[in-house]
There are 2 protein chains.
Amino acid sequence: MPNEEPTDLPSLRPTSWATLGLLSFGEELSGYDLKKWADWSLRFFYWAPSYSQIYSELRKLEEIGYATSRVVNKDDVRGKRLYRITPAGEEAMSRWANEAPVEPAVLKHGVMLRMWLGHAGDPAHLREVLVEHRDHAEKMRVRAIADAEGAAHEPGWAFPLMVLNWSTKYYEDERDRADAMLADLDKLARKQGRSRSSRRTSSARRTSDELRSHSS
Amino acid sequence: MPNEEPTDLPSLRPTSWATLGLLSFGEELSGYDLKKWADWSLRFFYWAPSYSQIYSELRKLEEIGYATSRVVNKDDVRGKRLYRITPAGEEAMSRWANEAPVEPAVLKHGVMLRMWLGHAGDPAHLREVLVEHRDHAEKMRVRAIADAEGAAHEPGWAFPLMVLNWSTKYYEDERDRADAMLADLDKLARKQGRSRSSRRTSSARRTSDELRSHSS
DNA sequence: GGGAGCATGTAACGGGTTACATGATTGG
DNA sequence: CCAATCATGTAACCCGTTACATGCTCCC
């Protein structure tokens, strides 16, 4: 048995692993398929890839030897290219899954940024933005449920299903937090309505040295 | 009154607005201060900026005219530079807050990616990763609470406080979802333990045409 | 004296998005 | 026949990260 020492994994980015992951369920898929599949699973918690990224990731994976491809569409110019994971790819997946340090979850919440800067905005508009976000979360929740139903009872999809259930809960929580904040917002509006007449700008000024004296 | 038509806002990225937002509370701050402040507020829901980014953002803001700076440290070579928002900056902030389309929240959840690919990994390791994530969420929750306490009772910080409370709830929910998934994981392990002996690889193979027949 | 924190930057890299371009197939 | 969908790609751009570099000041 030659070369049994644990060779270094090529340091791929998580998105590359996610792409390989899509192939690791055993299907032979086109870039187009991949994108669609990502759109009803990975999208909820990780990634909504663009086509261009998918295609370049796939080419990269093939170059490394983690995937192979073949062109099907008869003898045409622009043939459909189907990708399949290789044994080397499967092994690399396993090693990555078990050995690679887990990247922390990243959240970039544009809506909360707006709320955080609430003093600069019109209260009514703030409220509107929140309501929209609430509705969006609810929509995502429903979609996640639908996709989870599609995945249920498929024996190979136990883990994706588990994550889809997590996602459902995630959007449910997101919705509920938006509702809670809506209530906070109204409470704040009432309080500020009582204590000031109309001053729109700079209610924040002065608050000087708390920054400096705040314990890290 | 010259030039009253609504001039176009320079299309800054959200992170630039976030930087300007940090200044919009009225303080005169150094890049270093800015970073620290971001670290105990924006970090929870949006952004943990690097110094290099902070400094380049600040230079950009000054160039546009949304901030001014002055060097304090006597006549030294490497003086400390303090930035302050300008009236133009304040007005731009307000317009952005009220008029700019809100970027959707982005989530990139490395832990869930691992779980989604659970079939490729060792169950015990999977569990470990989840537990770690759970603990991290709890840590963040506690930090958010602490920072919220620091911000409470400051009249100008009502909105940041509101978001900090949202963040507290966020990490609480994150923790609880991790716990729930831990339970799911154990249930799944028991079920799979009953139905198969030891096959590690490819329990997922075959699951063939469901993909193609799945309704988008 | 030395380490921790203060303070500011430059340069390289690359990942990911957007815009653009092309054309086939399918169904109403 | 025309629109939608299938299907694949290139090129430019730039945001953000990482690594590197420098030197101060305060405090033990």
Side-chain angles (χ1 to χ4, degrees), chain A residues 10-19 28-39 42-43 46-63 69-83 101 103-104 106-108 110 211-216, chain B residues 10-19 28-39 42-43 46-63 67 69-83 101 103-104 106-108 110 211-212 214-216:
Chain A
S11 66
L12 298 172
R13 300 265 116 176
T15 51
S16 302
W17 292 112
T19 309
E28 195 180 26
L29 299 168
S30 69
Y32 202 85
D33 293 333
L34 234 42
K35 156 93 172 142
K36 271 191 314 179
W37 205 30
D39 279 347
L42 287 174
R43 168 168 63 126
Y46 197 75
W47 197 35
S50 58
Y51 283 116
S52 59
Q53 200 178 1
I54 292 263
Y55 289 120
S56 64
E57 292 292 352
L58 284 173
R59 263 176 259 133
K60 202 200 298 175
L61 290 175
E62 188 168 26
E63 208 179 331
S69 73
R70 64 193 182 97
V71 178
V72 281
N73 213 7
K74 31 226 146 214
D75 47 13
D76 223 336
V77 184
R78 183 79 120 256
K80 175 205 286 222
R81 187 175 288 273
L82 294 179
Y83 288 85
E103 326 73 50
V106 173
L107 177 67
K108 223 166 209 273
L211 216 194
R212 236 162 289 287
S213 68
H214 189 278
S215 64
S216 166
Chain B
S11 65
L12 298 173
R13 301 262 119 176
T15 51
S16 301
W17 292 112
T19 309
E28 194 179 27
L29 299 167
S30 68
Y32 202 86
D33 294 332
L34 234 40
K35 155 93 172 141
K36 272 190 313 178
W37 205 29
D39 279 347
L42 287 175
R43 165 167 66 126
Y46 197 76
W47 196 36
S50 59
Y51 282 116
S52 58
Q53 199 179 2
I54 290 262
Y55 289 121
S56 64
E57 291 293 351
L58 285 172
R59 265 176 258 132
K60 201 201 299 177
L61 290 176
E62 187 168 27
E63 208 178 332
S69 74
R70 64 192 182 96
V71 178
V72 282
N73 213 5
K74 28 228 146 207
D75 47 12
D76 224 337
V77 184
R78 183 80 120 256
K80 174 205 287 221
R81 188 174 288 272
L82 294 179
Y83 288 85
E103 326 72 50
V106 173
L107 176 67
K108 223 165 210 275
L211 217 195
R212 232 163 292 289
H214 188 280
S215 65
S216 166

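Hydrogens, waters and symmetry mates are skipped; everything else that's a heavy atom, side chains included, is used. Below, chain A is the first sequence line, B the second, and so on; all start at residue 1. What you see is a predicted model, and the numbers here were worked out from it, not measured in a lab.
Of the candidates C:dG16, D:dT10, C:dT8, C:dG16 carries the atom nearest the A:Gln53 side chain, counting heavy atoms from C-beta on. Checked against C:dT8, D:dC15, D:dG9, the side chain of A:Tyr55 finds its nearest nucleotide in D:dG9. Between C:dT8, C:dG9, D:dG9, one nucleotide has an atom nearer to the side chain of B:Arg59 than all others, and that is C:dG9.
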| request: Applying side chain to side chain contact (heavy atoms under 4.5 Å, CB included), run through B:Leu107 and A:Tyr46 and close with a yes or a no. | output: CA-CA 6 Å; B:Leu107 176 67; A:Tyr46 197 75; over 6 Å; no

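The phosphate of C:dT17 (OP1 or OP2) has a side-chain N or O of A:Ser50 nearer than 4.0 angstrom. Taking only side-chain nitrogens and oxygens, A:Tyr32 comes nearer than 4.0 Å to OP1 or OP2 of D:dC6.
Under the 4.0 Å criterion applied to side-chain N and carboxylate O atoms, B:Glu28 and B:Arg70 are assigned as salt-bridge partners.
Between the base of C:dT18 and the side chain of A:Ser52 there is a donor-acceptor pair shorter than 3.5 Å.
Protein atom CG of B:Leu61 is 12 Å distant from nucleotide atom P of D:dC15, rounded to whole Å. The separation between A:Glu57 atom CD and C:dG15 atom C1' is 9 Å, rounded to whole Å. Put simply, NZ on B:Lys36 is 11 Å from P on C:dT8, counting in whole angstrom units. Atom-to-atom, CD of A:Glu103 to P of C:dG16 comes out at 11 Å; the value is rounded to the nearest Å. Rounded to whole angstrom, the span from the CZ atom of A:Arg81 across to the P atom of C:dA24 amounts to 18 Å. Atom CG in B:Leu42 sits about 13 Å away from atom P in D:dG16, given to the nearest Å. The NZ atom of A:Lys35 sits 12 Å away from the P atom of D:dC6 (whole-angstrom rounding). Put simply, NZ on B:Lys60 is 17 Å from C1' on C:dG9, counting in whole angstrom units.
Helix bend of the helix from C:dG1-D:dC28 to C:dG28-D:dC1: the angle between its two end axes, each built from five pairs, comes to 30° after rounding to 10°.
Projected onto DNA chain C by closest heavy-atom contact, B:Lys108 and B:Tyr83 fall at different nucleotides, the more 5' of which corresponds to B:Tyr83.
Considering only heavy atoms from C-beta on, B:Tyr83 stays 4.5 Å or farther from B:Ile54 through its side chain.
Looking at residues two or more places apart in sequence or on another chain, you find a side-chain hydrogen bond (donor to acceptor under 3.5 Å, both in side chains) between B:Ser16 and B:Glu57, B:Lys60.
The shortest non-hydrogen separation linking A:Leu12 to A:Trp17 is O-NE1, 3.3 Å. Scanning all heavy atoms of the two residues, the minimum distance from A:Leu58 to A:Gly31 falls at CD1-CA, 3.7 Å. Heavy atoms only, all atoms of each residue included: A:Arg43 and A:Asp39 are closest at NE-O, 2.6 Å.
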